[in-house]
Amino acid sequence: MDDQIITIERHIVEQEREYPEATGVFSNLLYDIALAGKIIAREMARAGLVGTLGSTGEMNIQREEQMKLDVFANQTIIRMNSFTGRLAAMASEEREDVIDIPRGYGTGKYVLVFDPLDGSSNIDINATVGTIFGVYRRRSEEGPGTIADCLQKGRHTVAAGYIIYGSSTMMVYTTGKGVHGFTLDSGVGEFLLSHPDLRIPNTPRYSSVNHAYEAFRSEGAKRFGRWLQGIDEEDPREPLSERYFGALVADFHRTLLKGGIFYYPADSRYPEGKLRLVYEANPLAFIVEEAGGYASDGLQNILDVEPRDLHQRTPLFIGDRVLVEKAEQFIAKFD
Ligand code: AHG
Ligand code: MN
Ligand code: MN
């Protein structure tokens, strides 16, 4: 029978069963992330009514405006995961340092890195935002987790996913055995399997980039943009249609489902790129590769970049393998 109703809980447990050495800790960790996502989705849905829209008036450690829901989402994930004994440490886009497990609560073998609310400038206009996460196995032996536990190559990811708060709330995750999407049935409060085995379509449909910053970009990135638009004189092609939410999760989700490319190159305002390697690029790179796509910083596979700093930024080209490799070629040739 193939019309089963499969909850995310059951799906996670069944995926973990494929690893004979599994203890269940990992399943519970993923389930807790899904639960945090449900709490954030609920808060977001009523934010306009209870005064939680808008800015806190503070800057976060990225020197970007912090929204009240950034803070709420960050706290929710921390409160959900600090006391379970499953994690050695966490790292969040909204916190400068590694987040330690409180004294007196046990530490476990995993590390969780996350962007609690991605695309938060979309909140006030009721447009799509999301949460991005990655899970690694700790490297240190025991006791409190260290920064080195959080600074692992994307290649070492054991689970990655995102929750997208759009016209419905969805969670998409992978443990390296396919990419699976679940839609929240908010009436019963369960994520139900709606998109099993997601594969990025072979035919690219959309390109996604912020053209406002074109003038600040390198020759290679500019030329690549023109090529996508079909206005490269040496190599004309049909232009790809464009979409841009300004929320990486949403732009990525569309790219994964419909095919195409999202990119945010380095520019003279952000010489290292704008997006964060640990919380944004790596989890999505792991997902896209598992779905048959590719992610690059323009020079190499994102998953092979050795992170030096928790808040390190990176250029990102992600989606259709052929298009991302084409971006690498433009950068190699002109930069
Ligand atoms: P965050 O809200 O977590 O700080 O991320 C914002 C990011 C990302 O989601 C998006 O793709 C990008 O900023 C948009 O940047 P521009 O406004 O420069 O296009
Ligand atoms: Mn973000
Ligand atoms: Mn964020």
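All ligand and atom numbering here is 1-based and tracks the order in the structure.
Residue contact check: R276 has heavy atoms under 4.0 Å from atoms 4 (O), 5 (O) of ligand 1. The contact set between ligand 1 and E64, taken as ligand atoms under 4.0 Å from a residue heavy atom, comprises 4 (O). Ligand-side atoms of ligand 1 in range of L248: 8 (C), 9 (O), 10 (C), 11 (O), range being under 4.0 angstrom from any heavy atom. Atoms of ligand 1 found under 4.0 Å from any heavy atom of Y213 (numbered from 1 in listed order, with element): 18 (O). Near Y244, the atoms of ligand 1 lying under 4.0 angstrom from a non-hydrogen atom of the residue are 14 (C), 15 (O), 16 (P), 19 (O). The E93 neighbourhood of ligand 1 comprises atoms 3 (O), 4 (O), with distances under 4.0 Å to a heavy atom of that residue. Listed by number with element, the atoms of ligand 1 under 4.0 angstrom from any heavy atom of L117 are 2 (O), 3 (O). Which parts of ligand 1 touch S120 is read off a 4.0 Å heavy-atom cut-off, strictly below it: atoms 2 (O).
E328 and S296 share a donor-acceptor pair across their side chains, judged by distance under 3.5 Å alone. Side-chain atoms of R10 and Q15 include no donor-acceptor pair closer than 3.5 Å. Using modelled atom types, one finds no donor on one side chain facing an acceptor on the other under 3.5 Å when comparing E14 with H11. Looking at H311 and E96, their side chains never bring a donor and an acceptor atom within 3.5 Å of each other. Inspection of the Y165 and T131 side chains reveals an N or O donor paired with an N or O acceptor under 3.5 Å. E94 and Q66 form a side-chain donor-acceptor contact under 3.5 Å, judged by distance and modelled atom types alone. A side-chain donor from one of R254 and S208 sits under 3.5 Å from a side-chain acceptor of the other. Side-chain atoms of Y162 and H253 form a donor-acceptor pair, as typed in the model, at a separation below 3.5 Å.
Salt bridge status for R155 with E289: present, with a side-chain N to carboxylate O gap under 4.0 Å. The residues E64 and R276 are annotated as salt-bridged, a charged nitrogen and a carboxylate oxygen being separated by less than 4.0 angstrom.
Residue L275 touches ligand 1 through its side chain alone, judged by heavy-atom distances below 4.0 Å. With a 4.0 Å heavy-atom cut-off, ligand 1 is reached by no atom of V129.
For atom 12 (C) of ligand 1, the nearest non-hydrogen atom of the protein is K274 NZ, 3.8 Å. Regarding atom 10 (C) of ligand 1, its nearest protein heavy-atom neighbour is G246 O, 3.5 Å. Annotation: atom 18 (O) of ligand 1 to nearest protein heavy atom, Y264 OH, 2.5 Å. The protein heavy-atom contact nearest to atom 9 (O) of ligand 1 is D118 OD1, 2.7 Å.
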Donor-acceptor list for residues 111-118 side chains, cut-off 3.5 Å, not counting sequence neighbours:
residue: D115; atom: OD1; partner: L117; partner atom: N; Å: 3.4
residue: D118; atom: OD2; partner: L248; partner atom: N; Å: 3.0
residue: D118; atom: OD2; partner: V249; partner atom: N; Å: 2.8

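Counting only protein N, O or S atoms, 3 lie closer than 2.8 Å to the Mn ion (ligand 3).
Under the salt bridge (charged side-chain N to carboxylate O under 4.0 Å, His left out) criterion, E325 pairs with R321, sequence neighbours left out. Considering only residues two or more places apart in sequence or on other chains, E238 meets the side chain to side chain contact (heavy atoms under 4.5 Å, CB included) condition with none of them.
Under a 4.0 angstrom heavy-atom cut-off, D115 registers as being in contact with ligand 1.
Note on ring orientation: taking the six-membered ring where Trp is involved, the planes of F262 and Y264 are tilted (angle from 30° to 60°).
Considering backbone and side-chain N/O of G119, one or more are found under 3.5 Å from N/O of ligand 1.
The N, O or S atom of E280 lying closest to the Mn ion (ligand 2) is OE2.
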